[in-house]
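As a basis for the values below, the full set of heavy atoms in this structure was taken, side chains included, without hydrogen atoms, waters or symmetry mates. When a ligand or atom number is given, it counts from 1 through the structure's own listing order.
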Amino acid sequence: MRIALASDHAAVAERQALAEACAKAGHEVADLGCAPGASVDYPDMAVRVAHAVANGDAERGILLCGTGIGVSIAANKVPGVRAALVHDEFTAEMSRRHNDANVLCMGARLLSVHAMQRLVERWLATPFEGGRHAGRVDKLRALDGGAGGCCGG
Ligand code: RB5
């Protein structure tokens, strides 16, 4: 799978470890920064991955910051991105099964590298269930298009 990763300065070592683990597992990895020692703004890093996923350069994206909150907010502003902030294996799995999440966001100040690796493995391996969830994800896509089309009433 083609995977794009990025983080802000709060998660450089963690991102590098995840990139290495993904490459070792046979994935094609694009590490989009930030550089060690830099101080950056998390929206700038999040849009790198969000754009890579939205334009098809990457099939999935992984974003890290201190809490995972900032990168998830930023990534979800890019049409086509469904970024999920996850904290454990249950939320990682459900973000795939029910939400067809294409970007995984985690907080490096909350989770160990080992824990994040487990979540990445679970997230990459879990399929979207489709079925009744497909229409709901279609409604998320409709929200990408701006006004109208979704969630009437
Ligand atoms: C950076 O200090 C921190 O604010 C950032 O990594 C992130 O947690 C924001 O949501």
inquiry  = Tell me the protein heavy atom at minimum distance from atom 2 (O) of ligand 1, and give that distance in Å.
reply    = Arg109 NH1, 3.5 Å
Nearest neighbour in protein (non-hydrogen) for atom 10 (O) of ligand 1 = Gly70 N, 2.9 Å
Is_contact(atom 8 (O) of ligand 1), protein non-hydrogen, under 4.0 Å =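 Yes.
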Any N or O of [X] closer than 3.5 Å to N or O of ligand 1:
X     : answer
Tyr42 : no
Ile69 : no
Gly66 : yes

task = Given salt bridge (Lys or Arg N to Asp or Glu O under 4.0 Å), test Asp138 with Arg141 step by step and report yes or no.
result = CA-CA 5 Å; Asp138 283 344; Arg141 284 199 193 91; 2.8 Å; yes
key: Which segment of Ala10 sits under 4.0 Å of ligand 1 when only heavy atoms are counted   = side chain
Proximity of Thr67 to ligand 1 by residue part, where a heavy atom lies under 4.0 Å =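 Answer for Thr67: both.
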Got a salt bridge between [X] and [Y], using NZ or NE/NH1/NH2 to carboxylate O under 4.0 Å?
X      : Y     : value
Arg122 : Glu89 : yes
Asp100 : Arg96 : yes
Arg15  : Asp31 : yes

request  = Report, in ascending order of atom number, the atoms of ligand 1 lying under 4.0 Å from any heavy atom of His9.
outcome  =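 Answer, ordered by atom number: 1 (C), 2 (O).
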message = Need the ligand 1 atom indices (1-based, order shown) with element for anything under 4.0 Å from a heavy-atom of Asp8.
response =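 By the 4.0 Å cutoff, the relevant atoms are 1 (C), 5 (C), 6 (O).
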ask   = Would you find a donor on one side and an acceptor on the other, under 3.5 Å apart, between the side chain of Arg60 and the backbone of Ile3?
value = no
query = Backbone N or O of Arg82 within a donor-acceptor pair of the Asn102 side chain at under 3.5 Å?
reply = yes
inquiry  = Does Glu129, at its CD atom, have more than 12 non-hydrogen atoms belonging to other residues, nucleotides or ligands within less than 6.0 Å?
reply    = yes
